[in-house]
Amino acid sequence: MKISICIPVYNFDVRELVFTLKNEVEESGVDAEIILIDDASKNSFKELNREVHDSVQKFIFLEKNIGRSQIRNLFLKYSTGEYLLFLDCDGKIVNENFLKKYIQFIQDNPGTQVIYGGRKVLDSFPDQNHLLRWKFAVERENLSLALRLEKPYLSFQTNNFVIQKAVLEKIAFNPQFQKYGYEDLLFAMDLKSEKVKIDHIDDPILNNDLEENGVYLGKVEESVESLAEMLKDEDLRSRLSEVKLVKLYHQIDSTPFKPFLGLIFWTKDTYLKKQLLKGNCSLRYLDLYKLGLLIRKMK
């Protein structure tokens with residue numbers, strides 16, 4: 001069985017990640033290829049990452065940024081493996097048998113279609129300017145295997161997963177949405193609607209790039225805008241009905257108090273953002289901020 005390691009690259013130094021993967025491939029004898037596609041990064045990162053050119057099977061540089069969904073679909077064109085392993089470029093391998101663990105699961109479970117390995121961040125507190133992203137990762141993203149298994153589709157993320165190539169050819173990432181956010185949940189719901197099982201294992205990748213509070217909050221705002229666009233599509237709206245933020249929005253949308261609540265969120269917007277930028281605050285502030293943004297975007 002051959003596995004294609006697919007890494008979309010955007011403005012990040014991928015040398016350590018690539019060399020770690022290459023070492024495991026060589027030492028374990030795993031049948032694997034490493035493919036990088038650079039999504040129009042800055043020249044400084046392009047030059048830096050050219051150092052791994054001879055260590056990978058394919059390194060494609062795009063002239064124009066095509067976004068997180070389309071670039072993943074593009075790997076279908078260049079990969080030759082029966083299974084594709086997708087990794088975010090800012091990940092760090094923390095398990096010396098990382099690849100073997102995925103392959104062993106597939107060998108033990110013939111017919112496996114999709115596997116999610118999980119994610120983690122460092123246990124130590126970062127400085128306050130990076131605390132918001134760290135808190136969200138620890139409290140909302142870095143779920144234990146047991147918790148992920150309770151909600152296998154809602155807990156799926158695209159930072160570290162294996163998919164059978166034939167499945168991705170049939171159910172590709174939705175290319176309609178190029179902005180950051182919720183493309184992983186939409187993809188998971190597409191898999192669910194087609195009755196494709198998502199398995200979970202304990203084989204996490206370390207998130208090696210915690211954004212500053214302001215940068216992360218900007219990504220949150222972009223993700224809510226992306227979610228609003230998805231919800232305006234009636235077919236997609238039903239597929240995202242299980243998402244916590246969507247549930248809250250529908251509860252408010254069905255009440256006569258929606259305009260009043262929208263006004264409250266509008267007036268409290270500056271206060272919420274100020275608290276979030278401090279980093280050391282409850283994630284309930286982030287939930288309220290996202291809900292207020294969604295109400296405004298859905299007008």
Side-chain angles (χ1 to χ4, degrees), residues 1 3-6 8 68-69 72-73 75 81-88 91 93-95 97-121 136-174 177 180-207 223 226-227 230-231 235-250 283 287 290:
M1 184 191 73
I3 189 166
S4 299
I5 304 169
C6 305
R68 295 163 61 88
S69 294
R72 291 192 177 100
N73 294 337
F75 280 97
E82 180 185 350
Y83 283 88
L84 277 57
L85 164 63
F86 282 92
L87 298 174
D88 280 357
I93 306 296
V94 291
N95 175 11
N97 295 313
F98 173 73
L99 296 174
K100 288 184 70 176
K101 198 163 187 178
Y102 268 122
I103 291 170
Q104 188 64 54
F105 184 89
I106 295 170
Q107 291 174 341
D108 292 342
N109 300 273
T112 295
Q113 296 175 298
V114 182
I115 321 166
Y116 177 54
R119 67 188 301 154
K120 62 187 298 184
V121 291
F136 187 81
V138 170
E139 296 181 28
R140 302 286 178 83
E141 288 184 326
N142 300 353
L143 302 178
S144 67
L145 177 59
L147 287 175
R148 284 193 273 126
L149 288 171
E150 290 179 7
K151 298 181 178 180
Y153 293 94
L154 288 177
S155 61
F156 171 83
Q157 297 181 55
T158 53
N159 67 298
N160 169 29
F161 76 101
V162 166
I163 185 168
Q164 197 174 46
K165 186 174 184 179
V167 172
L168 187 59
E169 288 172 335
K170 179 182 177 183
I171 310 168
F173 282 85
N174 192 319
F177 305 99
Y180 171 88
Y182 291 96
E183 75 281 347
D184 48 0
L185 274 173
L186 180 58
F187 181 63
M189 293 303 115
D190 285 342
L191 293 173
K192 184 178 182 179
S193 68
E194 294 294 329
K195 296 180 172 55
V196 174
K197 182 184 179 184
I198 297 180
D199 288 299
H200 288 255
I201 62 173
D202 186 22
D203 197 15
I205 286 287
L206 178 73
N207 181 0
S223 72
S226 182
L227 178 61
M230 294 176 186
L231 292 178
D235 180 54
L236 298 183
R237 186 185 309 166
S238 62
R239 297 191 185 193
L240 295 168
S241 60
E242 297 177 51
V243 177
K244 180 181 176 182
L245 180 57
V246 175
K247 284 184 176 180
L248 288 172
Y249 172 76
H250 285 324
L283 289 184
D287 295 336
K290 290 164 71 173

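Only a predicted model underlies this, so the values are computations on that prediction, with no experimental measurement involved.
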Charged N-O contact under 4.0 Å between Lys197 and Asp199: yes
State, yes or no, whether a side-chain contact exists between Met230 and Leu186 at a heavy-atom distance under 4.5 Å. yes
Can you name the salt bridge (charged side-chain N to carboxylate O under 4.0 Å, His left out) partners of Asp108, sequence neighbours left out? none
To the nearest 0.5 Å, how far apart are OH in Tyr116 and CG in Leu149? 12.5 Å
Does the pair Leu185 and Leu154 meet the rule for a side chain to side chain contact (heavy atoms under 4.5 Å, CB included), with working shown? CA-CA 7 Å; Leu185 274 173; Leu154 288 177; 4.0 Å; yes
Which pair of heavy atoms, one from Ser193 and one from Asp190, lies closest together, and at what distance? OG-O, 2.8 Å
Results of ring pair (Phe, Tyr, Trp, His ring centres under 6.0 Å) for Phe187 - residues two or more places apart only: Phe173
For the backbone of Asn95 and the side chain of Lys101, can you confirm whether one donor and one acceptor N or O come within less than 3.5 Å of each other? no
Evaluate the side-chain proximity of Thr112 to Tyr83: yes if any heavy-atom separation is below 4.5 Å, no if none is. yes
If you measure from NZ on Lys170 to CD on Gln164, what distance do you get to the nearest 0.5 Å? 11.0 Å
Who are the side-chain hydrogen bond (donor to acceptor under 3.5 Å, both in side chains) partners of Lys290, not counting sequence neighbours? none
Taking ring pair (Phe, Tyr, Trp, His ring centres under 6.0 Å) as the definition, give me every residue that meets it alongside Tyr102, ordered by chain and number, with sequence neighbours left out. Phe98
Carefully, step by step, assess Glu82 and Ile3 under the rule side chain to side chain contact (heavy atoms under 4.5 Å, CB included). CA-CA 6 Å; Glu82 180 185 350; Ile3 189 166; over 6 Å; no
Leu283: side-chain contact (heavy atoms from CB on, under 4.5 Å) partners, not counting sequence neighbours: Leu132, Lys135, Phe136, Glu139, Arg140, Leu286
Please tell me if the side chains of Arg237 and His250 come closer than 4.5 Å, counting only heavy atoms from C-beta onward. yes
Within the 4.5 Å heavy-atom criterion, are Asn142 and Val121 side-chain neighbours or not? yes
For Glu194, side-chain hydrogen bond (donor to acceptor under 3.5 Å, both in side chains) partners two or more places apart: none
Between Arg68 and Pro8, is there a donor-acceptor pair closer than 3.5 Å when you use the side chain of the first and the backbone of the second? no
With sequence neighbours excluded, residues passing salt bridge (charged side-chain N to carboxylate O under 4.0 Å, His left out) with Asp88: Arg72
Using a 6.0 Å cut-off, check whether atom NZ of Lys165 has over 12 heavy atoms from anything other than its own residue. yes
Heavy atoms, side chains only, cut-off 4.5 Å: are Ile205 and Ile93 in contact? yes
Gln107 side, atom CD; Asn109 side, atom CG - distance, nearest 0.5 Å: 10.5 Å
Not counting sequence neighbours, which residues clear side-chain hydrogen bond (donor to acceptor under 3.5 Å, both in side chains) with Asn207? List them please. none
If you round to the nearest 0.5 Å, how far is NE2 of His200 from OG of Ser155? 4.0 Å
pair Ile115-Ile198: side-chain heavy atoms closer than 4.5 Å: no
Point-to-point distance, once rounded to the nearest 0.5 Å, from OG of Ser241 to CG of Leu231: 10.0 Å
Residues which pass side-chain hydrogen bond (donor to acceptor under 3.5 Å, both in side chains) with Asn174, listed by chain and number, not counting sequence neighbours: none
With no hydrogens and no angle check, is any side-chain donor or acceptor of Ser223 less than 3.5 Å from a backbone partner on Gly181? no
One should read off an interatomic distance between Asp202 CG and Lys120 NZ, to the nearest 0.5 angstrom, of 8.5 Å
Among all residues two or more places apart in sequence or in another chain, which pass the ring pair (Phe, Tyr, Trp, His ring centres under 6.0 Å) test with Phe161? Phe86, Phe156
Less than 4.5 Å apart, any side-chain heavy atom of Leu84 and any of Val162? no
Contacts of Glu242 meeting salt bridge (charged side-chain N to carboxylate O under 4.0 Å, His left out) (sequence neighbours excluded), chain-then-number -> Lys192
Could you go step by step and tell me if Asn97 and Gln104 meet the side chain to side chain contact (heavy atoms under 4.5 Å, CB included) rule? CA-CA 10 Å; Asn97 295 313; Gln104 188 64 54; over 6 Å; no
Can you check side chain to side chain contact (heavy atoms under 4.5 Å, CB included) on Ile103 and Met1, steps first, answer last? CA-CA 8 Å; Ile103 291 170; Met1 184 191 73; 3.8 Å; yes
Once side-chain contact (heavy atoms from CB on, under 4.5 Å) is applied, do any residues pair with Ser144, and if so which ones, sequence neighbours excluded? Ala146, Leu147
Under a 4.5 Å cut-off applied to non-hydrogen side-chain atoms, are Tyr182 and Val243 in contact? yes
Check for a donor-acceptor pair, side chain of Asn160 on one end and backbone N or O of Gly118 on the other, with a separation under 3.5 Å. yes
